[in-house]
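These notes concern the structure reproduced below.
One-based numbering, in listed order, for ligands and for the atoms of each. Starting from 1, each residue takes its place in the sequence as its number.
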Amino acid sequence: MHKQIIPFLLVLAIVFGCTAPEKKEKPLGQVINESLDFATQQSLLMAASLKDQPDRLPQTIDKEGKLVTCGSSWWVSGFFPGVLWYLYENTPTDSLKDWAINYTLRVEDQQYTTDNHDVGFMIFCSFGNAYRLTGDSAYKEVIHTASNSLITRFNPTIGCIRSWDYASWSAQWQYPVIIDNMMNLEMLEWSSKAFDDTVYSHIAESHANTTMKNHFRDDFSSYHVISYDTITGQVEKKNTAQGYSDDSAWARGQGWALYGYTMMYRATGNKAYLEQAEGIAGFIINHPNLPEDKIPYWDFDAPNIPNAKRDASAGALICSALIELSGYVPAEKSKEYLAVAETQLRSLSSPAYRAGLGENGNFILKHSVGHMPNGTEVDVPLSYADYYYVEALTRMKKLLETE
Ligand code: GLY
């Protein structure tokens, strides 16, 4: 090298820094808008791909990457219609609305479901969003019927809605109640107000109170399954079905709990639910096994961490709940929750989790876990991961717009 050039290069290095310039992050608003645009394109492809199968809904993909669909009675049926409604809310085009209506109607027969608790998921994610965005009273009536179906599963001696009926795989439990069931209470609280009838909210609050008493450990982590004795109403067993072990913290279960109590605080204003949600949030966000990108392993106690599978569905669900909870707590805590939620949104919106256009069976997110102990739906896209991701994007977008 020419001798005179060396001092010149040294000066340049000092002025501009010796290392490569720091990579600037995209503004969050831009990440959100790009992600919603992508989600819209991808979901329109998904919608069109099932146009000739009018009774099928997206579920996941198989080992060859081929779309796996379900009928309306599978618990996830309401999520894809819900995705379309959220996307329509963000970009109100005719095609999104037409598909959202089309897919919502595919789930309509589930309003009469009384043999499992999932009627809340199925009807409120689809018809609930349909009514919220259109005000069409026909949708409201479907939610009314579905709420009446769900409350048939309430046992006043126990104080909870039964999750699963008797089957060979559930025979070990007299009266199983899973933490996921908290999510179905949103429809009941909504119906109570919409139809001016406290029967729904009494049942929802009894369920939430009983669950708060029995489902949680001292550190605010949740069991998955609590089974009750049908004669005494007392706890019979504390187990898991989808987690690593009875005593572990199944990631999506912690998400259902966080979302459930945050939503119950919104619906009732009861501070006990807010404190519960804050306790659960603390467990999740301070957990030593929560990875840097804030997308949890499928179970916080999975045996092979850091090589355990991640669960993007849990990440999206927790993210959406944290954004809502951030609105109910003092500024310092709010900032803490939003920082985690922002990291989660950025992670999920990166190529590490978000699919390419037309890939991934036309689902938006990759890398979720449905049922690890069964070995089913492991490291795959799932319609509920997409639903809570799009909901989280929408919630964060609204928050940024109000700032
Ligand atoms: N509600 C079932 C699940 O979370 O997998």
Exercise for the section: Enumerate the residue pairs fulfilling salt bridge (Lys or Arg N to Asp or Glu O under 4.0 Å) with a member in residues 326-355, sequence neighbours excluded, ordered by first and then second residue. Expected result: Glu25-Arg346, Glu278-Lys333, Glu342-Arg346
Exercise for the section: For side chain to side chain contact (heavy atoms under 4.5 Å, CB included), just list the numbers for Cys160 and Thr211, CA-CA rounded to whole Å, side-chain angles, deciding distance to a tenth of an Å, and then say yes or no. Expected result: CA-CA 8 Å; Cys160 278; Thr211 298; 4.1 Å; yes
Exercise for the section: Answer yes if the side chains of Asn307 and Tyr297 hold a donor-acceptor pair under 3.5 Å, and no otherwise. Expected result: no
May I have a table of the N/O to N/O pairs between ligand 1 and the protein that fall below 3.5 Å, each row giving the two atom names and the distance to 0.1 Å?
{"residue": "ligand 1", "atom": "1 (N)", "partner": "Asp180", "partner atom": "OD2", "Å": "2.7"}
{"residue": "ligand 1", "atom": "4 (O)", "partner": "Asp180", "partner atom": "OD2", "Å": "3.3"}
{"residue": "ligand 1", "atom": "4 (O)", "partner": "Arg252", "partner atom": "NE", "Å": "2.9"}
{"residue": "ligand 1", "atom": "4 (O)", "partner": "Arg252", "partner atom": "NH2", "Å": "3.4"}
{"residue": "ligand 1", "atom": "4 (O)", "partner": "Trp256", "partner atom": "NE1", "Å": "3.0"}
{"residue": "ligand 1", "atom": "5 (O)", "partner": "Gln242", "partner atom": "NE2", "Å": "2.7"}
{"residue": "ligand 1", "atom": "5 (O)", "partner": "Arg252", "partner atom": "NH2", "Å": "2.6"}

Exercise for the section: Can you measure from CD (Glu186) to CE (Met264) and round to the nearest 0.5 angstrom? Expected result: 10.0 Å
Problem - Result of checking Asp229, Thr157, Ile226, Thr230 against Tyr175 for side chain to side chain contact (heavy atoms under 4.5 Å, CB included) - result: Thr230
Completion exercise
Exactly one candidate in Lys397, Arg132, Lys97 meets salt bridge (charged side-chain N to carboxylate O under 4.0 Å, His left out) with Glu89; the answer is Arg132
